[in-house]
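The model shown is predicted, which means the values in this text are computed figures rather than measured ones. Hydrogens, waters and symmetry mates are skipped; everything else that's a heavy atom, side chains included, is used. Residue numbers begin at 1 in each chain, while the letters A, B, ... track the order of the sequences.
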Amino acid sequence: MTIIDSLTQTISLALNDLYAIGQAPADIVLQDTRRDFKGDYTLVVFPYVKQARKSPEAVGQEIGSYVKERLDVVDGFNVIKGFLNFEVADSYWLQFVCEKGKDERYGTKQPDLESSPVVVEYSSPNTNKPLHLGHIRNNLLGWSVSQLLAANGANVKKVNLVNDRGIHICKSMLAWLRYGNGETPESTGLKGDHLVGKYYVEFDKHYKEEVKQLMESGVEEEQAKKDAPLMQEAQQMLKRWEEGDSEVRALWEKMNGWVYAGFDETYRRLGVGFDKVYYESNTYLLGKELVQKGLDMGVLFRKEDGSVWCDLTGDGLDQKLLLRKDGTSVYMTQDLGTALLRHNDFGAEQLIYVVGNEQDYHFKVLKLILGKLGFSWAEKVYHLSYGMVELPNGKMKSREGTVVDADDLIDEMEKTAEEMSREHGKNDELSAEEQRHLYYILALGALKYFILKVDPTKNMLFNPAESIDFNGNTGPFIQYTYARIRSIVRKAGESQDWKSGDEKLNDKERLVIKILHSLPDTIEAAAEAYSPAMVANYAYDLAKAFNSFYQDTPILRETDPQLKAFRVCLCAFVAHALRNTMNILGIEVPERM
RNA sequence: GGCCCUGUAGCUCAGCUGGAUAGAGCGAGAGUCUUCUAAACUCUAGGUCCUGCGUUCGAGUCGCAGCAGGGUCACCA
């Protein structure tokens, strides 16, 4: 039982005994006392003054006395206006550090592998071009949310649904046949996904030329786009693909193979991975049986032309097409099918989709239709809808060449990390390999933290020119704090024998301990909100409080052995918390830097 | 135009279910390394929380209206 439970329970009793107000402990909200007031936890008494028929001051005094009398861990209290501030005894905090300080996994729960899985889909790239900054946000979020839910005890399965078929891939294939001269990743030294992306661009270039010529000969733009020979050919190639044409399939497999090798490399550098990878070429026909089921159930209907629809006007939306009149399916149909497949594959209770907010409408509809089809788990489908990454001059546009390539960005970050590190010159004694690993950790730490610290639902700005900072509220700042702590703990000889005694805490220590104390609640709240940002901000608060403590409190230099042992223990505790929170963000922490 | 999201310091962002005098980082200014890693710490300056009305003992937070920005309204995925 934490201090907060003790307080709310006793306050509940106080309200009942003093004023006959029935208020369950769970409904009593305590907040952290503001920095500029004395105390640790604050009860706002305004809500009770009416029923108590007393002044806020009086109510505060009475509840305060009541609680102090019954709880040893409450040292004292003060009332300012309607705010009752409880002061928690140092003995409680010391006891807490003693109990939890050595827990390497502090703050995280063991995932319950017996429980029904939560399936998180993220990444889901197209295979016609390399990953860019937008994908990076997706991948980091998907990975981190998975880590977060697992840290909160969920049985998480990460899946990727690769869009490996369709007209866009045919465009790359066609362009490569036409203009590629048999180029391969090996012959060019290009990463496979970049090579294929190059031909996607190549297609676009020639295609535009054709459209332009057609328009000059008097064809309307819309018609020209359809009639352009390249487009016709791409369409034809898609058709041959669907018919299983062996030549087309072979080419498709070859080029997709290049792309996967490229993606794997990028995933590896980003430190993300999956429990299962789905391919649309295997799943794109799914969903049709569901449509039939829906027709039988009467929740879907067929129009005269034979097309099948779902009427969502009752839910304030439009009608949604599910089968074209020729019987072919659309994106939504496929997604209905894959949702069911995934539910069945894993026995999943919850499906989470990490997909950009431009698809809010799609997922709203998906959820509604799954519900109409009678799936009880539909209501637990969750669209983790994240905002766009914008550049200083607006959205990324491939045609304007403003797309920030994922691999290039990581390269840049590593270069910057190396420069910064060399400037500081603290790592000369590390081996070349250790140094390289350090630069990598710092580069990714900076990048990941920068992206994950902002609320996923919001659009964010990325300024490539200013690049990403390594000072202040950044990943490296937290990594640096960790490295400093590790240095202390190593010097102190790792395990310190310390039992809580009657140490007197200073304000800096108390603040650090209070932040540590709130970690389990923070992780729970972050998991409920699907927000790695809350974890990132927590890690920053903790690191900042620690640095402030470190600055003016002697640790190894402390002459009182008992006090010294306690502080080393506190340091190690902070290190665990930092490592665990950073781990949730997918960020490694260095032993030295 | 309908629906959805966003609007907090010069810039990038926090601010949980409404609670005290709205917080960080960067940038600007001033300090702190003979002392456990200065990628750090301390101090200063910087605000009409987009605007208005409302609900409330109390609104950055909730409701309505407006303004601004973005997204989306495909037999594309």
Side-chain angles (χ1 to χ4, degrees), chain A residues 29 31 33-37 42 44-47 49-50 56 80-83 85 124 126 163 165-168 280 284 305 307-309 316-318 321-326 328-332 334-335 356-362 364 385 387-388 390 392 394-395 417 420-421 423-424 426-427 442 446 450 453-455 457-463 466 469-474 476-481 483-489 491-492 521-522 525-526 528-529 531 533-534 536-537 540-541 543-544 546-558 564 567-568 571 592-593:
Chain A
V29 194
Q31 45 193 285
T33 302
R34 288 181 57 108
R35 216 59 88 63
D36 12 311
F37 296 92
T42 296
V44 181
V45 303
F46 289 115
V49 298
K50 210 170 198 176
I80 298 168
K81 294 197 266 181
F83 299 87
N85 304 316
S124 307
N126 292 352
N163 185 4
R165 50 139 256 130
I167 189 72
H168 47 288
E280 285 200 3
Y284 79 108
D305 64 359
S307 57
V308 178
W309 298 72
L317 305 175
D318 291 329
L321 177 93
L322 291 177
L323 286 183
R324 300 188 182 99
K325 61 187 171 197
D326 62 4
T328 55
S329 56
V330 294
Y331 178 43
M332 181 61 72
Q334 185 187 140
D335 254 12
N357 62 10
E358 71 269 11
Q359 294 200 39
D360 282 355
Y361 184 79
H362 174 78
K364 198 187 263 186
S385 159
M388 296 184 321
E390 285 166 348
K395 275 180 85 167
M420 303 285 288
S421 295
E423 236 171 74
H424 287 104
K426 294 179 187 175
N427 306 295
L442 296 179
F450 183 86
K453 77 172 180 198
V454 340
D455 182 342
T457 63
K458 292 186 179 171
N459 288 357
M460 63 174 294
L461 188 94
F462 182 87
N463 190 336
E466 290 173 12
D469 227 325
F470 284 66
N471 301 319
N473 186 357
T474 66
F477 169 87
I478 298 166
Q479 290 169 315
Y480 176 66
T481 306
R484 281 170 126 188
I485 296 174
R486 288 298 302 146
S487 171
I488 292 171
V489 176
K491 282 178 182 158
D521 286 344
T522 300
E528 277 166 29
S531 174
M534 290 172 69
N537 287 313
Y540 175 68
D541 285 342
K544 198 172 157 50
F546 177 84
N547 281 329
S548 180
F549 153 74
Y550 174 91
Q551 191 69 22
D552 51 29
T553 307
I555 300 166
L556 297 178
R557 290 188 316 242
E558 173 57 50
K564 175 177 166 184
R567 286 182 183 152
V568 171
C571 285
R592 52 194 98 221
M593 71 183 264

Quick check for you: among [options], whose closest atom lies nearest to any side-chain atom of [X]?
{"X": "A:Gln31", "options": "B:C41, B:G19, B:C36", "value": "B:G19"}
{"X": "A:Val330", "options": "B:A20, B:A40, B:A77", "value": "B:A77"}
{"X": "A:Arg34", "options": "B:U37, B:A77, B:G23", "value": "B:G23"}
{"X": "A:Asp455", "options": "B:A40, B:A14, B:C76", "value": "B:A14"}
{"X": "A:Ser307", "options": "B:C75, B:A40, B:C36", "value": "B:C75"}
{"X": "A:Met460", "options": "B:G19, B:C36, B:C13", "value": "B:C13"}
{"X": "A:Phe477", "options": "B:U72, B:A40, B:U37", "value": "B:A40"}
{"X": "A:Lys458", "options": "B:A40, B:A14, B:C36", "value": "B:A14"}
{"X": "A:Arg484", "options": "B:U37, B:A77, B:C13", "value": "B:U37"}
{"X": "A:Arg324", "options": "B:C75, B:G23, B:G19", "value": "B:C75"}

For [N] and [M], measure between their [atom1] atoms and round to the nearest Å.
{"N": "B:A45", "M": "B:U6", "atom1": "P", "result": "33 Å"}
{"N": "B:G23", "M": "B:U44", "atom1": "P", "result": "13 Å"}
{"N": "B:G54", "M": "B:A40", "atom1": "P", "result": "48 Å"}
{"N": "B:G18", "M": "B:G58", "atom1": "P", "result": "15 Å"}
{"N": "B:C3", "M": "B:U21", "atom1": "C1'", "result": "41 Å"}
{"N": "B:C75", "M": "B:G70", "atom1": "P", "result": "25 Å"}
{"N": "B:G60", "M": "B:C50", "atom1": "P", "result": "10 Å"}
{"N": "B:C36", "M": "B:A30", "atom1": "P", "result": "27 Å"}

Would you state whether a donor and an acceptor, one from the side chain of [X] and one from the base of [N], lie under 3.5 Å apart?
{"X": "A:Thr42", "N": "B:A20", "value": "yes"}
{"X": "A:Asp305", "N": "B:C75", "value": "yes"}
{"X": "A:Asn547", "N": "B:A38", "value": "no"}

Under 3.5 Å side-chain donor-acceptor pair for A:Arg34 and A:Asn85: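 No.
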Could you tell me whether the side chains of A:Asp360 and A:Ser385 share a donor-acceptor contact shorter than 3.5 Å?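 Looking only at side-chain atoms, A:Ser385 and A:Asp360 do form a donor-acceptor pair, the distance falling under 3.5 Å.
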Taking atom [atom2] of [N] as reference, at what distance in whole Å does atom [atom1] of [X] sit?
{"X": "A:Leu322", "N": "B:C76", "atom1": "CG", "atom2": "P", "result": "13 Å"}
{"X": "A:Asp318", "N": "B:C3", "atom1": "CG", "atom2": "P", "result": "12 Å"}
{"X": "A:Lys491", "N": "B:U37", "atom1": "NZ", "atom2": "P", "result": "3 Å"}
{"X": "A:Arg165", "N": "B:A77", "atom1": "CZ", "atom2": "C1'", "result": "9 Å"}
{"X": "A:Asn473", "N": "B:A24", "atom1": "CG", "atom2": "P", "result": "12 Å"}
{"X": "A:Asp469", "N": "B:C11", "atom1": "CG", "atom2": "C1'", "result": "12 Å"}
{"X": "A:Met332", "N": "B:C73", "atom1": "CE", "atom2": "P", "result": "11 Å"}
{"X": "A:Ile478", "N": "B:G25", "atom1": "CD1", "atom2": "C1'", "result": "12 Å"}

Most 5' of A:Val44 and A:Asp326 on RNA chain B, judged by nearest nucleotide: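 That would be A:Val44.
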Along RNA chain B (nearest heavy atom to each residue), the more 5'-positioned of A:Val454 and A:Val29: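 So the residue in question is A:Val454.
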Base, sugar-phosphate alone, or nothing: which one does [X] contact when heavy atoms must sit under 4.0 Å apart?
{"X": "A:Asp521", "result": "nothing"}
{"X": "A:Pro56", "result": "nothing"}
{"X": "A:Leu461", "result": "sugar-phosphate"}
{"X": "A:Thr522", "result": "nothing"}
{"X": "A:Glu558", "result": "nothing"}
{"X": "A:Ile167", "result": "nothing"}
{"X": "A:Ser548", "result": "sugar-phosphate"}
{"X": "A:Ser329", "result": "nothing"}
{"X": "A:Ala483", "result": "base"}

Check the phosphate of [N] against [X], side-chain N and O only, distance under 4.0 Å to OP1 or OP2. Yes or no?
{"X": "A:Lys453", "N": "B:U12", "result": "no"}
{"X": "A:Arg557", "N": "B:C36", "result": "no"}
{"X": "A:Lys544", "N": "B:G25", "result": "yes"}
{"X": "A:Arg567", "N": "B:C36", "result": "no"}
{"X": "A:Lys81", "N": "B:U21", "result": "yes"}

With a 4.0 Å cut-off, would you call A:Lys395 and A:Glu390 a salt bridge?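 Not counted as a salt bridge, because no side-chain N and carboxylate O are separated by less than 4.0 Å.
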Planes under 30° and centres closer than 5.5 Å, is that true for [X] with the base of [N]?
{"X": "A:Tyr480", "N": "B:A40", "result": "no"}
{"X": "A:Phe37", "N": "B:A20", "result": "yes"}
{"X": "A:Phe46", "N": "B:G19", "result": "yes"}

Which of these passes side chain to side chain contact (heavy atoms under 4.5 Å, CB included) with A:Tyr550: A:Thr481, A:Ile555, A:Ile485?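 The side chain to side chain contact (heavy atoms under 4.5 Å, CB included) with A:Tyr550 is passed solely by A:Ile555 among A:Thr481, A:Ile555, A:Ile485.
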Return the CE to OG distance between A:Met593 and A:Ser487, rounded to the nearest 0.5 Å.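 Here the interatomic distance stands at 12.5 Å.
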Under a 3.5 Å cut-off for both contacts, is B:U12 paired Watson-Crick or G-U wobble with anything, and if yes, with which nucleotide?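 Partner of B:U12: B:A24.
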Name the orientation class of the two ring planes belonging to A:His362 and A:Tyr331 (parallel below 30°, tilted from 30 to 60°, perpendicular beyond 60°).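 Because their plane-to-plane angle is under 30°, the rings of A:His362 and A:Tyr331 count as parallel.
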Which is it for A:Tyr361 and A:Asp318 under the side-chain contact (heavy atoms from CB on, under 4.5 Å) test, yes or no, and what are the steps along the way? CA-CA 11 Å; A:Tyr361 184 79; A:Asp318 291 329; 4.1 Å; yes
Chi class for B:C33: syn within 90° of 0, otherwise anti: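 The base of B:C33 is oriented syn (glycosidic angle within 90° of 0).
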